[in-house]
Amino acid sequence: MSIPSATTASPAGAAPARKSPALPGTGASPTSASSDPAVVDAGRNAAPGPSAADNELGAYLRDRRERLDPAAFGLPLTRRRTPGLRREEVAQRAHVSATWYTWLEQGRGGAPSEAVLDRLAGALMLTDVEREHLFLLAFGRPPEPRLPGEASVTPRLQRILDALPLSPAIVKTATWDVVAWNRAASLVLTDYGQLAPEQRNILRLMFCEPRVRVAQDDWESVARFVVAAFRADAARAGDSARAQALVEELCQRSAAFATIWREREVREFGGGLKRIHHATAGALAFEYSAFAVDGRPDLGLVIYQPATAEDEARVRDLIATDDSRRSP
């Protein structure tokens, strides 16, 4: 596994190293005491460490530390008896005490707080998947996702959408903003390209756009499912601020949404059968499936496959009609 190279020195504000007695059996001198209560408590309650086989967290930290290149951090290469960074160098980068960090590697201290573990992940230059693994070792669960400021998809993912000419497909965020789609989705579901970005939200369209409401085979059932699945998606992705703002807006704009939201139902999007009444093609049925986007917990891919050969033919006719309209 490749490790991203670092081009900067220790982060600004790191406490300067202070001399103190070396830890028994390590040869390492602790540096920079930490004010983090979790770090202090862990140090006070340190116990004899477990065997290496039982200390997966410590072994992983040590392995990642030894893979780093000191020169990439502007550190001297002289008098290094082991590869990678020294324990006190990692501790200084993470703003924790070297004593506590040494105990953590040895499995002698208590569990770190999430904030401290996140600083260690940054100090060790961990990738997102490595950071997730670190949290799984420490807490048995992944960290809270770090959502990008602006949702977007990669060109590769867009090409996947475009490679499904007869299957409407969209990519949505945790707050159900549609951020990518293919041509079939524009012709069958909604022409998202004609909408402003803030209008490309599935809940806004479902509850505030009469055209979308009329197109549903059973609007009330679909609306309840959408709200329940949205609640689960937003909570899972940790996007509480944006989700709350959207909920407050929709509660003001739609009495139906406010009523359904108060029911607190939660559903998995998963897959199923969707029926719509298209203005041109008439009744259409699709089998839909939802997929996670690797490395992007805030995004989900939904693909609608025509349920029958007749449905596929009607989608094909829509595309042919659009081609004719575009021809000079």
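Sequential numbering from 1 along the given sequence is applied to the chain's residues. Note that the structure is predicted; figures quoted are calculated from it, not measured. Computed over heavy atoms, backbone and side chain alike; hydrogens, waters and symmetry mates excluded.
Within 6.0 Å of CZ on Arg62 lie no more than 12 heavy atoms contributed by other residues, nucleotides or ligands.
Between the side chain of Arg314 and the backbone N or O of Ala283 there is at least one donor-acceptor pair closer than 3.5 Å. Of the possible polar contacts, one joining the Ser324 side chain to the Ala320 backbone as a donor-acceptor pair under 3.5 Å is found. Within the 3.5 Å criterion, the main-chain N or O of Leu284 finds no donor-acceptor partner in the side chain of Asp311. Within the 3.5 Å criterion, the main-chain N or O of Ser186 finds no donor-acceptor partner in the side chain of Asp191. Remark: the backbone N or O of Leu195 is paired with a side-chain donor or acceptor of Arg200 at under 3.5 angstrom. Side-chain N or O atoms of Arg108 include none that pairs as donor or acceptor with a backbone N or O of Trp103 at under 3.5 Å.
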Practice task
Report the C-alpha distance between Glu130 and Arg64 in whole Å, list the side-chain angles of each, state the deciding distance to 0.1 Å, and finish with yes or no for salt bridge (Lys or Arg N to Asp or Glu O under 4.0 Å).
Solution key: CA-CA 9 Å; Glu130 290 170 337; Arg64 296 299 101 178; 2.9 Å; yes
Practice task
Quick one: do Arg119 and Glu114 satisfy salt bridge (Lys or Arg N to Asp or Glu O under 4.0 Å)? Show the steps, please.
Solution key: CA-CA 9 Å; Arg119 295 208 301 268; Glu114 291 188 33; over 6 Å; no
Practice task
Using the side chain to side chain donor-acceptor pair (under 3.5 Å) rule, take Asp162 and Asn182 through it: C-alpha gap first, then chi angles, then the decisive distance, then the call.
Solution key: CA-CA 5 Å; Asp162 296 337; Asn182 62 5; 6.0 Å; no
Handout entry: Chi angles and distances behind the salt bridge (Lys or Arg N to Asp or Glu O under 4.0 Å) call for Arg65, Glu89
Key = CA-CA 10 Å; Arg65 173 173 60 81; Glu89 292 167 343; over 6 Å; no
Practice task
Using the side-chain contact (heavy atoms from CB on, under 4.5 Å) rule, take Leu57 and Phe139 through it: C-alpha gap first, then chi angles, then the decisive distance, then the call.
Solution key: CA-CA 10 Å; Leu57 174 61; Phe139 306 123; over 6 Å; no
Practice task
Give the intermediate values and the outcome of salt bridge (Lys or Arg N to Asp or Glu O under 4.0 Å) for residues Asp322 and Arg183.
Solution key: CA-CA 10 Å; Asp322 187 60; Arg183 184 184 180 190; 2.9 Å; yes
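Both the sub-6.0 Å distance and the 45° axial angle are not jointly satisfied by Lys172 relative to the ring of Phe230. For Arg131 and Phe135, the positive end sits near the middle of the six-membered ring, less than 6.0 Å away and at most 45° from its axis.
Rounding to the nearest 0.5 angstrom, the gap separating the CZ atom in Phe269 from the CH2 atom in Trp176 is 5.0 Å. For the atom pair CZ of Arg80 and OG1 of Thr82, the computed distance is 8.0 Å after rounding to the nearest 0.5 Å. Rounding to the nearest 0.5 Å places CD of Glu132 at 9.5 Å from OG1 of Thr127.
Sorted by first and then second residue, the ring pair (Phe, Tyr, Trp, His ring centres under 6.0 Å) pairs involving residues 185-205 (not counting sequence neighbours) are Trp181-Tyr192. Applying the side chain to side chain donor-acceptor pair (under 3.5 Å) test to every pair with at least one member in residues 202-213, sequence neighbours left out, gives these pairs: Arg204-Glu249. For the side chain to side chain donor-acceptor pair (under 3.5 Å) condition, the pairs that include at least one residue of residues 272-290, sequence neighbours left out, are Gln216-Lys274, Asp217-His277.
In the hydrophobic cluster analysis, where Ile, Leu, Val, Met, Phe, Trp and Tyr join through side-chain heavy atoms closer than 4.5 angstrom, Leu137 is grouped together with Leu124. Hydrophobic clustering of Ile, Leu, Val, Met, Phe, Trp and Tyr side chains at less than 4.5 Å, counting indirect connections, unites Ile160 with Phe291.
Ring centroids of Trp219 and Phe207 are separated by less than 6.0 Å, placing the two rings close together.
The shortest heavy-atom contact between Ala169 and Ile303 is CB-CG1, 4.1 Å.
In the model, Ser97 has no side-chain atom that pairs as donor or acceptor with a side-chain atom of Thr99 under 3.5 Å.
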